[in-house]
Every structure is written in C-alpha cells, then in structure tokens.
Protein chains: 2
Amino acid sequence: MSLRFALLGLLNERPCSGYDLTRRFEEGIGAYAWHAQHSQIYPELKKLLADDLIRVAEEGARGRKTYAITDQGADLLREWLLQRPTTAGVRNEYVLRLFLLPALPPADAEQVLHKTIEFAEEQITLLTGELDEIARVHGDTVGNGAMAAQYGLRVYRATIDWAHWAIARLADGEHGADGLAGLEQ
Amino acid sequence: MSLRFALLGLLNERPCSGYDLTRRFEEGIGAYAWHAQHSQIYPELKKLLADDLIRVAEEGARGRKTYAITDQGADLLREWLLQRPTTAGVRNEYVLRLFLLPALPPADAEQVLHKTIEFAEEQITLLTGELDEIARVHGDTVGNGAMAAQYGLRVYRATIDWAHWAIARLADGEHGADGLAGLEQ
DNA sequence: GTGACCATGTAACGAGTTACATGATTAA
DNA sequence: TTAATCATGTAACTCGTTACATGGTCAC
C-alpha cells in the first residue's frame, strides 16, 4: 500500500511520467524511505489511474505519458499523512543487522561497528551535499527533500554516536571475554 | 531473505519453537527491526530445516518442536552479519511519511510533527524500561537486545530534535505562507 | 549507423498478509 | 466445562524482484 502513497506524494509535488518516477526513486526517497523499480511502478500507475487518484496530463513522444495527481488523490494522500506515526510492520535490514550484532565474536562485531561508522559518515557527506544543492537550486530549506535530508543527517549522527558507545562497551568486556559471556555485568 | 537471518539470529541466542519465535517477533526485534507472523515463520522454519541450517533439538507436548541452529547455520549467519552495512532496498513507511510531510499545509504538518514527538517520547520510555529490565534480569548492558535498545534510544532522540527543528522552520515561513510557497527563501 | 538513453511493458517467481482451520493442555 | 493459551498448519491473495522484451529518439 505504501508504494501507492509514495507515488501520490511524488506526483503531488509535480506531474511526472513513469520513467521520471523511476529516476526519482533512485534519489533520496528511494535511498532513505521507500525503494521501487519500474516493473512495480508502471502497473501501480495503472491501478492509480483506474481508481481516479491520478490522471494522464499529457502524452508525448515515445509513448511517454505524464501523470498528474487528481483532487481525490491529493485528499487521500493528506488523509494518510495525518495518521498517527507508528513503526508497526517495520522491515529494516540495516537495523536487523545491528540487532543481531551480539551474535558475532567481539572482534568481528567491532569491525562491523567501524564499517557502520564509515558508512554513516559517507551518508552524512552525501546528505550535506544534497542540502547545499537544494538550497542552491530551489533556495529552499524545508521542501524538495530538505526536511527528509535533515532527518537523515540526525539519524546518521545518532548512529555514529551509538557505534562509538558500542565499541567502548565491547572493549570493556574484552579482557578475558569468551564470546559475549565476558561482556555481561 | 532477511526473515531467514532474523530466525537464525534468534535461534543463535537459544533454541526455540515456532511458537516461541512468533512471541519473540512481538518484542523488540519485531517492533524495531523486522516484523513477521506465524504464517510466515512456520514455512520458513521448514526451509531452514531442509537446508540443514537448523535442526529439531526436542519434540514436546502438543506437537511442539524446539529448533536449534546448526554449525552451518551459525556460519551463514556470521557471514551475513559481516557484510558491509547498506540501506539498499529500504522500505520504511515511518520515514516515507516524514519524507512526504511537505505535501501537507503547514498547520497540518506541524500537527503531525507534534504527534511524531509524542510517539518518539513514548518509544524512549519503553526502551528505557527495557534497558532497566535487561540490566536487572540478565545483568547485561550489551547483549539480549541492549545494544539494539541503545540504538533505538539515540534514533528517537534524533527524531525529536529534528521535529523541533522542523516545527521552528514551519513557524518561520508561516507569516503569509500559502502552502509551501511561503517557506521558500 | 550505432551506442546511449528514453520509455513502457509483462511473466515467473518468491516474499508477506489475511483468513481459515485444527487440536492439545491447563487453570478456574 | 469452558475459556485462555499453547501449538502448528494451509490457501488465496497481494506485494515485490528478476529477467525478458520491445521500440523510439538523439548525438556523434
């Protein structure tokens, strides 16, 4: 069901073709919020069209169809956004790995934590670049993905903070540790 | 594929029946990392069994089967955990909502942000309670979900920080705003 | 003309949800 | 005896992935 709202959300910003939407899923939204490929996007656009949530605004060369959100679609999107935040039904592989980290011997866990810090630092560099770009191109500090980028920035900073804490805890337990047993207390 | 590793990870901590695993997915791992129901867990356990990644350790009353991870399963789990962290293929409805928030009129967006703060505060209370419980029962500050809980704590603090920033930005733009237009530089 | 990119589609398969279905054990 | 809980399963459906498939346009 979320793909439907991801598409409505993108079309709410501006009309797009299936191809455009596929490209946009390769950017911020696809990297941090919801991933989708063209093979899923095209059939879903047909369903949205059948439900009158979007309409064909323009037909161009090479069979290109530009879709725009309808009033009905915009209403449904806003209704969905106003629902209370929840993490029900979460499926986050990144967090799952962190969750299961204690299954590794401490030295290996520490290595993964270092790679986690590296990864988070790279993401922060990327997001900082995106924020500069948004400010430069759109003169905007809220819309056009800026709010999401600011969120990502803070989450990755929190991740780095956590990883440093975890490495320190692992080090505490390392003298005489056999697996996790030495880490307890 | 991740369900497979979630199950291996849980069985790596201790042997469990399908029923036990279903219960455990209602706790931390299911709330913050990976969600699954019994109708998916039982078939997946059969596949893991067929692949010799787990074994039946014990059969009890009411058809209960207790599964334990095999050496092969533990090796595969560790190999998966050692892969470089990535957010490829992310599907996070919670973040998707935050991403699309600028689709709402500022007053509505602000309301959602307040609800986001409330929700994050509740999660922090829950996680703090869980950390106390883990320390009390297991005398542990790293394993048994403690590392994951510490991560959650930091992510929710970051969320609250972000939401306050976002509310302030919205307020900045509100004098004379029509939709997002008034927010742009 | 040919390679890069624009643009859309479908088929087969695997992952995940909802609902249905069954029966054993235990405590009140 | 009956309600709660333990315990496992399957069928039909929707969602998502991988791979296959086709053809148009444009710059060199």
Side-chain angles (χ1 to χ4, degrees), chain A residues 1-8 10-11 15-27 29-31 33-51 53-54 56-68 80 86-93 96, chain B residues 1-8 10-11 15-27 29-31 33-51 53-54 56-68 80 86-93 96:
Chain A
M1 199 80 304
S2 293
L3 173 59
R4 169 152 276 234
F5 293 106
L7 290 169
L8 286 175
L10 293 175
L11 289 174
C16 277
S17 69
Y19 187 83
D20 296 336
L21 289 164
T22 304
R23 290 287 89 79
R24 291 182 73 188
F25 271 99
E26 285 164 12
E27 297 164 10
I29 194 172
W34 203 268
H35 164 85
Q37 287 153 296
H38 85 274
S39 60
Q40 216 189 335
I41 292 168
Y42 287 106
E44 189 62 35
L45 285 171
K46 289 193 171 176
K47 286 187 207 166
L48 288 166
L49 199 58
D51 295 344
L53 301 171
I54 61 175
V56 177
E58 202 188 320
E59 301 203 41
R62 284 171 282 193
R64 178 189 173 92
K65 271 164 284 183
T66 303
Y67 297 97
W80 181 76
T86 157
T87 54
V90 67
R91 227 165 246 120
N92 189 328
E93 188 174 314
L96 180 60
Chain B
M1 198 80 306
S2 292
L3 174 59
R4 166 152 280 233
F5 294 105
L7 290 169
L8 286 174
L10 292 175
L11 290 173
C16 278
S17 68
Y19 188 83
D20 297 336
L21 290 164
T22 304
R23 290 286 89 78
R24 292 181 73 189
F25 270 99
E26 285 163 12
E27 297 165 11
I29 193 171
W34 202 268
H35 165 85
Q37 285 154 298
H38 85 274
S39 60
Q40 217 189 334
I41 291 167
Y42 286 106
E44 188 64 34
L45 285 171
K46 288 192 172 175
K47 286 186 207 165
L48 287 166
L49 200 58
D51 294 344
L53 301 172
I54 62 173
V56 176
E58 202 187 320
E59 302 203 39
R62 284 173 282 194
R64 178 190 173 91
K65 271 163 286 184
T66 303
Y67 296 97
W80 180 76
T86 158
T87 53
V90 66
R91 227 165 245 119
N92 189 329
E93 187 173 314
L96 179 60

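Just so we're on the same page: letters track the sequence lines, and every chain starts at 1. Owing to the predicted nature of the structure, the values given are computational and were not obtained by experimental measurement.
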Practice item. Side-chain contact test, heavy atoms from C-beta onward, threshold under 4.5 Å: evaluate it for A:E93 versus B:W80 and give yes or no. Key: yes
Point to revise | Heavy-atom side-chain proximity of A:N92 to B:T87 below 4.5 angstrom | key: no
Check your understanding: For D:dT8, does OP1 or OP2 lie under 4.0 Å from any side-chain N or O of B:Y19?
Key -> no
Point to revise | Electrostatic pair B:E44:B:R4 at N-O distance under 4.0 angstrom | key: yes
Check your understanding: Atom CD1 of B:I41 to atom C1' of D:dC6: distance rounded to whole Å?
Key -> 15 Å
Review point. Separation of B:R64 atom CZ from D:dA7 atom P, in whole Å?
Key: 4 Å
Review point. Between D:dT14 and A:K47, is there an OP1 or OP2 to side-chain N/O distance shorter than 4.0 Å?
Key: no
Check your understanding: When you measure from the side chain of B:R64 to the backbone N and O of B:E59, does any donor-acceptor pair fall under 3.5 Å?
Key -> no
Practice item. Take atom CZ of B:R91 and atom P of D:dC15, then tell me their distance rounded to the nearest Å. Key: 12 Å
Check your understanding: Are B:L8 and B:I54 side-chain neighbours, meaning at least one heavy-atom pair lies under 4.5 Å?
Key -> yes
Point to revise | Interatomic distance where NE2 belongs to B:H38 and C1' belongs to D:dA11 [whole Å] | key: 12 Å
Check your understanding: Could you state the CG-C1' distance from B:D20 to D:dA7, rounded to the nearest angstrom?
Key -> 10 Å
All N/O contacts under 3.5 Å from nucleotides 22-26 of chain D to the protein, with atom names and distances to one decimal?
from, atom 1, to, atom 2, distance (Å)
D:dG24, N2, A:R62, NH1, 3.4

Check your understanding: Are any of A:R4's side-chain N or O atoms less than 4.0 Å away from OP1 or OP2 of D:dG16?
Key -> no
**Study point:** Which residue lies more 5' along DNA chain D, comparing B:K65 with A:H35 via nearest heavy atoms
**Key:** B:K65
Check your understanding: What does B:S39 touch in the nucleic acid at a heavy-atom separation under 4.0 angstrom: a base, only the sugar-phosphate, or nothing?
Key -> base
Point to revise | Check: B:E58 main-chain N/O paired with B:Y67 side-chain donor or acceptor under 3.5 Å | key: no
Study note, to complete from the structure: Taken to the nearest whole Å, CZ/A:F25 to P/D:dG16 is 10 Å
**Study point:** Position toward the 5' end of DNA chain D (nearest nucleotide), B:G89 or B:Y67
**Key:** B:Y67
Practice item. Please round to the nearest 0.5 Å and tell me the distance separating atom CZ of A:R24 and atom CD1 of A:I41. Key: 11.0 Å
**Study point:** Opening and closing nucleotides of DNA chain C in contact with chain A, under 4.0 Å to non-hydrogen atoms
**Key:** C:dC6 to C:dT17
Practice item. Check whether any side-chain N or O of B:S17 sits under 3.5 Å from a backbone N or O of B:D20 as a donor-acceptor pair, and report yes or no. Key: yes
Check your understanding: Starting at CH2 of A:W34 and ending at P of D:dC15, how long is that distance when rounded to a whole Å?
Key -> 11 Å
Practice item. Figure out the CD/P separation between B:E26 and D:dA7, and round it to whole Å. Key: 14 Å
Review point. Does A:F25 have A:R23 sitting over its ring (NZ/CZ under 6.0 Å from centre, angle to axis within 45°)?
Key: no
